[in-house]
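First the proteins, then the strands, lettered A, B, ... as listed; each starts at 1. What you see is a predicted model, and the numbers here were worked out from it, not measured in a lab.
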Amino acid sequence: MRLSIIIIPLIIGAITIIFAYYYIRGFQESIVLEQDVSIISVEIDRRNHILTSVTLLNEGEPLILERASLVKIQTMLTIISSKFSTPIILYKGNLTKIPLAYPLDKEGADYFLYIFTNKGTAIRFKISYP
Amino acid sequence: MIWTHLTATMIILGLFGIAIMLYSVPKAYVIVKRAAKASMEEKYELEKSFYLLSTVVWVILITRLVASALFWITNESLIPIIPGAMCQFGVNQAGSPYSWINNGVKLIIVLIYGNWLMLDLLNRRVNGAPLIISLSKLFLIITPLLFLDLFLDLGFYFTISPVVVPCCRVIFVPQIPLPCPYCFVFHDAPMLITVIASYGLSICLSIWSLVIRHYIKKYPEIEEVAVNFIRRLMVFSLGFSILGTIALIPAILQVMTPIVPIH
(Lines give C-alpha, C1' and ligand atoms only; values in the text may rest on other atoms or scores of the structure.)
Protein backbone atom coordinates (compact mmCIF):
# COMPACT_ATOMS: atom_id res chain seq x y z
CA MET A 1 0.00 0.00 0.00
CA ARG A 2 1.37 3.38 -0.95
CA LEU A 3 2.15 5.76 1.87
CA SER A 4 0.66 8.63 -0.15
CA ILE A 5 -2.84 7.10 0.22
CA ILE A 6 -2.51 7.70 3.95
CA ILE A 7 -0.68 11.01 3.85
CA ILE A 8 -3.06 12.78 1.42
CA PRO A 9 -6.13 12.64 3.75
CA LEU A 10 -3.95 13.89 6.62
CA ILE A 11 -2.77 16.89 4.61
CA ILE A 12 -6.32 17.60 3.37
CA GLY A 13 -7.59 17.36 6.96
CA ALA A 14 -4.97 19.74 8.33
CA ILE A 15 -5.56 22.27 5.53
CA THR A 16 -9.36 22.06 5.99
CA ILE A 17 -9.13 22.84 9.73
CA ILE A 18 -6.75 25.75 9.16
CA PHE A 19 -8.90 27.10 6.32
CA ALA A 20 -12.14 26.82 8.35
CA TYR A 21 -10.57 28.57 11.33
CA TYR A 22 -9.12 31.47 9.35
CA TYR A 23 -12.32 31.77 7.32
CA ILE A 24 -14.41 32.43 10.45
CA ARG A 25 -11.69 34.66 11.88
CA GLY A 26 -11.57 36.65 8.67
CA PHE A 27 -15.36 36.94 8.75
CA GLN A 28 -15.28 38.32 12.31
CA GLU A 29 -12.53 40.79 11.44
CA SER A 30 -14.51 42.05 8.45
CA ILE A 31 -17.54 43.05 10.54
CA VAL A 32 -18.11 46.82 10.36
CA LEU A 33 -18.57 48.24 13.86
CA GLU A 34 -21.04 50.95 14.83
CA GLN A 35 -19.19 53.88 16.39
CA ASP A 36 -22.07 55.84 17.91
CA VAL A 37 -23.47 53.13 20.15
CA SER A 38 -22.00 52.25 23.50
CA ILE A 39 -22.87 49.47 25.88
CA ILE A 40 -23.55 51.11 29.24
CA SER A 41 -23.82 47.98 31.35
CA VAL A 42 -24.10 44.23 31.28
CA GLU A 43 -25.93 42.09 33.80
CA ILE A 44 -24.53 38.70 34.70
CA ASP A 45 -26.13 36.03 36.85
CA ARG A 46 -22.92 34.99 38.57
CA ARG A 47 -24.52 32.08 40.39
CA ASN A 48 -25.55 30.41 37.13
CA HIS A 49 -22.84 31.99 34.92
CA ILE A 50 -25.34 33.55 32.50
CA LEU A 51 -25.18 36.87 30.70
CA THR A 52 -28.73 38.09 31.25
CA SER A 53 -28.87 41.52 29.61
CA VAL A 54 -27.04 44.47 28.07
CA THR A 55 -28.01 48.13 28.17
CA LEU A 56 -27.18 50.24 25.11
CA LEU A 57 -27.01 53.97 24.51
CA ASN A 58 -27.32 55.21 20.93
CA GLU A 59 -25.85 58.64 20.19
CA GLY A 60 -26.25 58.45 16.43
CA GLU A 61 -28.98 57.65 13.91
CA PRO A 62 -31.73 55.16 14.92
CA LEU A 63 -30.73 51.53 14.43
CA ILE A 64 -32.66 48.29 14.11
CA LEU A 65 -31.09 45.37 15.99
CA GLU A 66 -31.76 41.85 14.73
CA ARG A 67 -29.50 39.36 16.43
CA ALA A 68 -26.62 38.87 18.86
CA SER A 69 -23.59 36.59 19.09
CA LEU A 70 -21.10 35.79 21.80
CA VAL A 71 -17.56 35.06 20.62
CA LYS A 72 -14.89 33.64 22.93
CA ILE A 73 -11.72 35.69 22.40
CA GLN A 74 -9.27 32.92 23.34
CA THR A 75 -10.49 30.78 20.44
CA MET A 76 -12.43 33.32 18.36
CA LEU A 77 -15.24 30.78 18.06
CA THR A 78 -18.91 31.73 18.33
CA ILE A 79 -20.26 30.27 21.55
CA ILE A 80 -23.89 31.22 21.00
CA SER A 81 -25.88 33.20 18.49
CA SER A 82 -29.55 34.12 18.56
CA LYS A 83 -32.06 36.16 16.62
CA PHE A 84 -34.36 38.51 18.51
CA SER A 85 -38.02 37.46 18.34
CA THR A 86 -38.89 40.98 17.19
CA PRO A 87 -36.33 43.53 15.92
CA ILE A 88 -35.31 46.09 18.55
CA ILE A 89 -35.26 49.75 17.54
CA LEU A 90 -32.50 51.81 19.13
CA TYR A 91 -33.56 55.48 19.13
CA LYS A 92 -31.10 58.34 19.47
CA GLY A 93 -30.37 59.26 23.10
CA ASN A 94 -32.41 56.37 24.52
CA LEU A 95 -31.14 53.72 26.87
CA THR A 96 -32.28 50.31 25.67
CA LYS A 97 -32.02 47.12 27.68
CA ILE A 98 -31.75 43.91 25.67
CA PRO A 99 -32.53 40.67 27.50
CA LEU A 100 -30.21 37.76 26.70
CA ALA A 101 -29.56 34.32 28.18
CA TYR A 102 -26.02 33.50 27.13
CA PRO A 103 -24.06 30.95 29.15
CA LEU A 104 -20.55 31.96 30.20
CA ASP A 105 -17.67 29.62 30.99
CA LYS A 106 -17.67 29.19 34.78
CA GLU A 107 -13.86 28.87 34.79
CA GLY A 108 -13.69 32.26 33.07
CA ALA A 109 -12.92 33.65 29.63
CA ASP A 110 -12.96 36.86 27.61
CA TYR A 111 -15.75 37.41 25.12
CA PHE A 112 -16.85 39.77 22.41
CA LEU A 113 -20.58 40.36 22.45
CA TYR A 114 -21.77 41.35 18.97
CA ILE A 115 -25.18 42.87 18.42
CA PHE A 116 -25.98 42.98 14.72
CA THR A 117 -28.07 45.62 12.98
CA ASN A 118 -30.26 45.11 9.93
CA LYS A 119 -27.53 46.86 7.86
CA GLY A 120 -25.04 44.09 8.65
CA THR A 121 -23.00 46.29 10.96
CA ALA A 122 -22.49 45.41 14.62
CA ILE A 123 -22.06 46.86 18.08
CA ARG A 124 -19.19 45.14 19.87
CA PHE A 125 -18.48 44.93 23.59
CA LYS A 126 -15.74 43.08 25.43
CA ILE A 127 -16.74 41.06 28.48
CA SER A 128 -14.20 39.55 30.84
CA TYR A 129 -15.65 36.89 33.11
CA PRO A 130 -15.46 36.37 36.05
CA MET B 1 0.70 19.19 45.90
CA ILE B 2 -2.95 18.58 45.01
CA TRP B 3 -4.39 15.22 45.99
CA THR B 4 -7.26 14.02 43.82
CA HIS B 5 -8.09 10.51 42.58
CA LEU B 6 -6.46 11.32 39.27
CA THR B 7 -3.26 12.96 40.57
CA ALA B 8 -2.87 10.06 43.03
CA THR B 9 -3.27 7.60 40.12
CA MET B 10 -0.66 9.48 38.13
CA ILE B 11 1.79 9.38 41.05
CA ILE B 12 1.15 5.67 41.64
CA LEU B 13 1.70 4.97 37.93
CA GLY B 14 4.92 7.02 38.06
CA LEU B 15 6.29 5.20 41.12
CA PHE B 16 5.26 1.84 39.64
CA GLY B 17 7.05 2.78 36.42
CA ILE B 18 10.24 3.70 38.29
CA ALA B 19 10.18 0.36 40.17
CA ILE B 20 9.73 -1.72 37.01
CA MET B 21 12.29 0.35 35.14
CA LEU B 22 14.89 -0.29 37.87
CA TYR B 23 14.18 -4.02 37.46
CA SER B 24 14.18 -4.17 33.66
CA VAL B 25 17.08 -1.89 32.66
CA PRO B 26 19.83 -4.10 34.21
CA LYS B 27 18.21 -7.18 32.61
CA ALA B 28 18.30 -5.54 29.18
CA TYR B 29 21.91 -4.47 29.75
CA VAL B 30 22.94 -8.05 30.62
CA ILE B 31 21.26 -9.41 27.48
CA VAL B 32 23.03 -6.89 25.24
CA LYS B 33 26.37 -7.50 26.97
CA ARG B 34 26.26 -11.30 26.92
CA ALA B 35 24.33 -12.13 23.75
CA ALA B 36 27.13 -11.38 21.29
CA LYS B 37 29.57 -13.84 22.85
CA ALA B 38 27.07 -16.36 24.26
CA SER B 39 27.27 -20.10 23.62
CA MET B 40 24.17 -22.00 22.45
CA GLU B 41 23.26 -22.88 26.04
CA GLU B 42 23.72 -19.31 27.23
CA LYS B 43 21.70 -18.03 24.26
CA TYR B 44 18.80 -20.20 25.33
CA GLU B 45 19.04 -18.78 28.85
CA LEU B 46 19.21 -15.22 27.48
CA GLU B 47 16.21 -15.92 25.28
CA LYS B 48 14.22 -17.02 28.34
CA SER B 49 15.46 -13.96 30.19
CA PHE B 50 14.39 -11.78 27.26
CA TYR B 51 10.84 -13.15 27.30
CA LEU B 52 10.55 -12.16 30.95
CA LEU B 53 12.03 -8.75 30.13
CA SER B 54 9.69 -8.37 27.18
CA THR B 55 6.64 -9.03 29.37
CA VAL B 56 7.85 -6.51 31.94
CA VAL B 57 8.56 -3.90 29.25
CA TRP B 58 5.07 -4.46 27.85
CA VAL B 59 3.64 -3.72 31.30
CA ILE B 60 5.74 -0.59 31.75
CA LEU B 61 5.14 0.79 28.25
CA ILE B 62 1.41 0.09 28.36
CA THR B 63 1.13 1.79 31.78
CA ARG B 64 3.05 4.77 30.40
CA LEU B 65 0.70 4.96 27.43
CA VAL B 66 -2.28 4.83 29.80
CA ALA B 67 -0.60 7.53 31.93
CA SER B 68 -0.12 9.59 28.80
CA ALA B 69 -3.86 9.62 28.06
CA LEU B 70 -4.63 10.15 31.75
CA PHE B 71 -2.25 13.14 31.82
CA TRP B 72 -4.63 15.26 29.71
CA ILE B 73 -7.70 14.07 31.65
CA THR B 74 -6.00 14.82 35.01
CA ASN B 75 -4.93 18.29 33.90
CA GLU B 76 -8.45 19.04 32.72
CA SER B 77 -9.82 17.97 36.12
CA LEU B 78 -7.42 20.35 37.92
CA ILE B 79 -8.79 23.50 36.22
CA PRO B 80 -11.46 24.28 38.88
CA ILE B 81 -8.94 23.71 41.69
CA ILE B 82 -6.31 26.20 40.46
CA PRO B 83 -7.42 29.84 40.87
CA GLY B 84 -7.16 31.76 37.62
CA ALA B 85 -6.87 28.65 35.44
CA MET B 86 -9.49 28.67 32.67
CA CYS B 87 -8.01 25.79 30.70
CA GLN B 88 -5.00 23.45 30.78
CA PHE B 89 -2.77 26.41 29.96
CA GLY B 90 -3.30 27.68 33.54
CA VAL B 91 -2.70 24.20 35.00
CA ASN B 92 0.57 24.03 33.07
CA GLN B 93 1.52 27.46 34.40
CA ALA B 94 0.99 26.17 37.95
CA GLY B 95 3.22 23.15 37.30
CA SER B 96 5.87 24.95 35.26
CA PRO B 97 8.50 23.99 34.10
CA TYR B 98 7.78 20.22 34.42
CA SER B 99 4.35 20.58 32.83
CA TRP B 100 5.47 22.29 29.64
CA ILE B 101 8.24 19.78 28.92
CA ASN B 102 5.82 16.98 29.86
CA ASN B 103 3.34 18.21 27.24
CA GLY B 104 6.00 17.78 24.55
CA VAL B 105 7.14 14.40 25.88
CA LYS B 106 3.59 13.07 26.04
CA LEU B 107 3.09 13.90 22.36
CA ILE B 108 5.98 11.70 21.19
CA ILE B 109 5.92 8.74 23.55
CA VAL B 110 3.16 6.88 21.68
CA LEU B 111 5.38 6.91 18.62
CA ILE B 112 8.49 5.69 20.43
CA TYR B 113 7.03 3.20 22.94
CA GLY B 114 4.63 1.92 20.31
CA ASN B 115 7.55 1.28 17.98
CA TRP B 116 9.22 -0.99 20.53
CA LEU B 117 5.96 -2.84 21.17
CA MET B 118 5.36 -3.41 17.44
CA LEU B 119 8.89 -4.71 16.91
CA ASP B 120 8.49 -7.06 19.88
CA LEU B 121 5.16 -8.27 18.51
CA LEU B 122 6.91 -9.02 15.23
CA ASN B 123 9.82 -10.71 17.02
CA ARG B 124 7.41 -13.07 18.80
CA ARG B 125 5.99 -14.20 15.45
CA VAL B 126 9.33 -15.01 13.85
CA ASN B 127 11.03 -18.36 14.56
CA GLY B 128 14.21 -17.99 16.61
CA ALA B 129 13.28 -14.48 17.80
CA PRO B 130 16.14 -12.75 15.92
CA LEU B 131 15.44 -9.26 17.27
CA ILE B 132 16.28 -10.03 20.91
CA ILE B 133 19.54 -8.05 20.96
CA SER B 134 18.12 -5.20 18.89
CA LEU B 135 15.08 -4.91 21.13
CA SER B 136 17.18 -4.97 24.30
CA LYS B 137 19.43 -2.25 22.84
CA LEU B 138 16.41 -0.25 21.74
CA PHE B 139 14.95 -0.50 25.23
CA LEU B 140 18.22 0.84 26.67
CA ILE B 141 18.12 3.66 24.12
CA ILE B 142 14.58 4.67 25.08
CA THR B 143 15.38 4.41 28.81
CA PRO B 144 16.37 8.12 29.12
CA LEU B 145 13.03 9.10 27.57
CA LEU B 146 11.23 6.71 29.90
CA PHE B 147 13.11 8.16 32.85
CA LEU B 148 12.32 11.72 31.70
CA ASP B 149 8.65 10.79 31.26
CA LEU B 150 8.46 9.33 34.79
CA PHE B 151 10.52 12.14 36.35
CA LEU B 152 8.35 14.85 34.74
CA ASP B 153 5.12 13.17 35.87
CA LEU B 154 6.32 12.84 39.44
CA GLY B 155 7.88 16.32 39.44
CA PHE B 156 4.71 17.86 38.04
CA TYR B 157 2.17 16.18 40.30
CA PHE B 158 4.29 16.49 43.44
CA THR B 159 4.94 20.23 42.96
CA ILE B 160 1.65 21.49 41.56
CA SER B 161 -0.28 23.58 44.08
CA PRO B 162 -3.43 25.77 43.97
CA VAL B 163 -1.56 29.03 43.40
CA VAL B 164 -3.11 31.94 41.48
CA VAL B 165 -1.94 31.70 37.87
CA PRO B 166 -2.33 33.86 34.77
CA CYS B 167 -4.10 31.82 32.11
CA CYS B 168 -4.30 31.94 28.34
CA ARG B 169 -6.18 35.29 28.30
CA VAL B 170 -2.81 36.97 28.94
CA ILE B 171 -1.33 35.61 25.69
CA PHE B 172 -4.24 34.83 23.38
CA VAL B 173 -5.64 38.33 22.86
CA PRO B 174 -7.63 39.34 19.72
CA GLN B 175 -4.46 40.63 18.02
CA ILE B 176 -2.84 37.18 18.17
CA PRO B 177 -3.82 35.21 15.06
CA LEU B 178 -3.73 31.85 16.86
CA PRO B 179 -6.30 30.33 19.24
CA CYS B 180 -5.41 28.94 22.65
CA PRO B 181 -4.88 25.27 21.71
CA TYR B 182 -6.23 23.97 25.03
CA CYS B 183 -9.44 26.07 24.93
CA PHE B 184 -9.86 25.26 21.24
CA VAL B 185 -9.42 21.50 21.38
CA PHE B 186 -10.59 20.55 24.86
CA HIS B 187 -13.45 23.04 25.39
CA ASP B 188 -14.81 24.64 22.23
CA ALA B 189 -14.19 22.05 19.49
CA PRO B 190 -13.75 18.71 21.31
CA MET B 191 -14.48 16.70 18.13
CA LEU B 192 -10.95 17.70 17.14
CA ILE B 193 -9.64 15.29 19.80
CA THR B 194 -10.92 12.38 17.67
CA VAL B 195 -9.41 13.92 14.53
CA ILE B 196 -6.01 14.54 16.17
CA ALA B 197 -5.91 11.11 17.85
CA SER B 198 -6.90 9.29 14.63
CA TYR B 199 -4.45 11.19 12.46
CA GLY B 200 -1.74 10.82 15.09
CA LEU B 201 -2.21 7.05 15.23
CA SER B 202 -2.27 6.88 11.45
CA ILE B 203 1.09 8.70 11.30
CA CYS B 204 2.53 6.47 14.07
CA LEU B 205 1.46 3.27 12.26
CA SER B 206 3.04 4.52 9.01
CA ILE B 207 6.30 5.36 10.78
CA TRP B 208 6.36 1.98 12.56
CA SER B 209 5.94 0.24 9.23
CA LEU B 210 8.87 2.25 7.82
CA VAL B 211 11.01 1.23 10.80
CA ILE B 212 10.08 -2.43 10.26
CA ARG B 213 11.09 -2.06 6.59
CA HIS B 214 14.46 -0.85 7.81
CA TYR B 215 14.73 -3.94 10.05
CA ILE B 216 13.97 -6.25 7.11
CA LYS B 217 17.17 -4.99 5.47
CA LYS B 218 19.15 -5.78 8.63
CA TYR B 219 17.43 -9.12 9.36
CA PRO B 220 16.34 -10.76 6.06
CA GLU B 221 15.00 -13.79 7.99
CA ILE B 222 12.06 -11.72 9.28
CA GLU B 223 10.97 -10.63 5.79
CA GLU B 224 8.13 -13.08 5.24
CA VAL B 225 6.42 -12.37 8.56
CA ALA B 226 7.35 -8.67 8.50
CA VAL B 227 5.79 -8.01 5.08
CA ASN B 228 2.43 -9.33 6.30
CA PHE B 229 2.86 -7.36 9.50
CA ILE B 230 3.56 -4.14 7.58
CA ARG B 231 0.50 -4.76 5.41
CA ARG B 232 -1.66 -4.97 8.53
CA LEU B 233 -0.11 -1.84 10.00
CA MET B 234 -0.79 0.05 6.77
CA VAL B 235 -4.40 -1.13 6.70
CA PHE B 236 -4.85 0.12 10.27
CA SER B 237 -3.07 3.34 9.35
CA LEU B 238 -5.44 3.85 6.42
CA GLY B 239 -8.39 3.01 8.71
CA PHE B 240 -7.37 5.66 11.24
CA SER B 241 -6.72 8.13 8.44
CA ILE B 242 -10.27 7.56 7.11
CA LEU B 243 -11.72 7.72 10.64
CA GLY B 244 -9.94 11.04 11.22
CA THR B 245 -11.26 12.41 7.95
CA ILE B 246 -14.82 11.33 8.78
CA ALA B 247 -14.51 12.91 12.26
CA LEU B 248 -13.25 16.05 10.55
CA ILE B 249 -16.77 16.81 9.23
CA PRO B 250 -18.44 17.26 12.67
CA ALA B 251 -15.24 18.94 13.92
CA ILE B 252 -15.42 21.55 11.15
CA LEU B 253 -19.14 22.02 11.85
CA GLN B 254 -18.24 22.56 15.51
CA VAL B 255 -15.75 25.26 14.52
CA MET B 256 -18.06 26.95 12.02
CA THR B 257 -21.34 26.97 13.97
CA PRO B 258 -22.18 28.26 17.46
CA ILE B 259 -21.44 25.79 20.22
CA VAL B 260 -24.82 26.43 21.87
CA PRO B 261 -27.56 25.92 19.24
CA ILE B 262 -29.34 28.97 17.86
CA HIS B 263 -32.79 29.56 19.30
Side-chain angles (χ1 to χ4, degrees), chain A residues 1-29 50-51 67-85 100-112 114 124 126-130, chain B residues 79-80 82 84-87 89-90 167-169 171-174 176-185 187-189 192 195-196 198-200 202-203 205-206 209-210 230-231 233-235 237-242 244-245 247-249 251-263:
Chain A
M1 191 184 297
R2 283 179 174 273
L3 206 58
S4 56
I5 298 172
I6 294 156
I7 291 168
I8 289 168
L10 303 187
I11 294 168
I12 292 171
I15 291 170
T16 313
I17 291 172
I18 294 166
F19 179 79
Y21 178 71
Y22 283 100
Y23 173 77
I24 54 159
R25 220 184 149 113
F27 172 73
Q28 281 163 7
E29 280 165 8
I50 294 171
L51 171 66
R67 61 190 178 92
S69 290
L70 191 68
V71 173
K72 190 172 173 180
I73 291 176
Q74 278 71 44
T75 54
M76 285 309 238
L77 296 185
T78 305
I79 303 297
I80 186 166
S81 182
S82 61
K83 198 171 178 182
F84 303 133
S85 50
L100 298 165
Y102 287 179
L104 302 172
D105 193 334
K106 65 176 180 189
E107 310 302 346
D110 297 327
Y111 301 93
F112 277 139
Y114 287 97
R124 191 173 78 177
K126 188 181 172 189
I127 299 166
S128 288
Y129 183 76
Chain B
I79 296 168
I82 296 168
M86 303 185 312
C87 65
F89 190 94
C167 200
C168 56
R169 61 166 43 148
I171 293 173
F172 297 96
V173 291
I176 299 285
L178 294 170
C180 167
Y182 299 103
C183 289
F184 195 78
V185 174
H187 295 183
D188 295 345
L192 280 173
V195 178
I196 294 167
S198 302
Y199 280 173
S202 176
I203 292 168
L205 287 157
S206 300
S209 69
L210 289 175
I230 288 172
R231 200 169 293 142
L233 288 182
M234 295 304 275
V235 168
S237 177
L238 182 65
F240 278 116
S241 172
I242 292 167
T245 310
L248 191 65
I249 298 162
I252 295 289
L253 287 174
Q254 224 167 31
V255 170
M256 302 285 282
T257 53
I259 292 153
V260 181
I262 298 167
H263 51 81

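For B:Leu192, the part lying under 4.5 angstrom from a heavy atom of chain A is the side chain only. Contact of B:Leu210 with chain A is made through the side chain alone, with heavy-atom distances under 4.5 Å. With a threshold of 4.5 angstrom between heavy atoms, B:Thr245 approaches chain A through side-chain atoms but not through N, CA, C or O. For A:Phe112, the part sitting under 4.5 Å from any heavy atom of chain B is the side chain, from C-beta outward, and nothing else. Contacts of B:Ile79 with chain A are made by both backbone and side-chain atoms, with heavy-atom separations under 4.5 Å. Contact annotation for B:Val195: only side-chain heavy atoms (C-beta onward) come within less than 4.5 Å of a heavy atom of chain A. Looking at A:Asp110, both its backbone and its side chain come within 4.5 Å of chain B, counting heavy atoms on both sides. Of the two parts of B:Ala251, neither the backbone nor the side chain holds a non-hydrogen atom closer than 4.5 Å to a non-hydrogen atom of chain A.
Separating the CD1 atom in B:Ile252 from the CZ atom in A:Phe19 is a distance of 10.0 Å, to the nearest 0.5 Å. Atom-to-atom distance recorded for B:Arg169:CZ and A:Tyr129:OH is 11.0 Å, nearest 0.5 angstrom. Atoms CG and SG, from A:Leu77 and B:Cys183 in turn, are 10.0 Å apart once rounded to the nearest 0.5 Å. With rounding to the nearest 0.5 Å, the separation of CD in A:Gln74 from SG in B:Cys168 is 4.5 Å.
Side-chain contact between A:Lys72 and B:Asp188: present, with at least one pair of heavy atoms (C-beta onward) separated by less than 4.5 Å. Two residues are said to be in side-chain contact when any heavy atoms from C-beta on lie closer than 4.5 Å; B:His187 and A:Glu107 fail this criterion. Using a 4.5 Å heavy-atom cutoff, the side chains of B:Ser241 and A:Leu10 are in contact. Looking at heavy atoms from C-beta onward, B:Val255 lies in side-chain contact with A:Ile24 at the 4.5 angstrom threshold.
Ranked by heavy-atom pairs under 4.5 Å with chain A, the first of B:Ile171, B:Ile196, B:Leu205, B:Leu178 is B:Leu178. Residue with the most contacts toward chain A among B:Tyr182, B:Tyr199, B:Phe172, B:Phe89: B:Tyr199 (heavy-atom pairs, distance under 4.5 Å). Among B:Pro174, B:Ser202, B:Cys180, the residue with the largest count of heavy-atom pairs under 4.5 Å with chain A is B:Pro174. Between chain A and the residues B:Pro80, B:Cys87, B:Gly244, B:Pro181, the most heavy-atom pairs under 4.5 angstrom are made by B:Pro80. Considering only heavy-atom pairs separated by less than 4.5 Å from chain A, the leading option among B:Ala85, B:Pro177, B:Cys167 is B:Pro177.
Counting non-hydrogen atoms of other residues, nucleotides and ligands closer than 6.0 Å to CZ of A:Phe27 gives a total of 12 or fewer.
Smallest separation of non-hydrogen atoms from A:Gly108 and B:Met86: O-SD, 2.9 Å.
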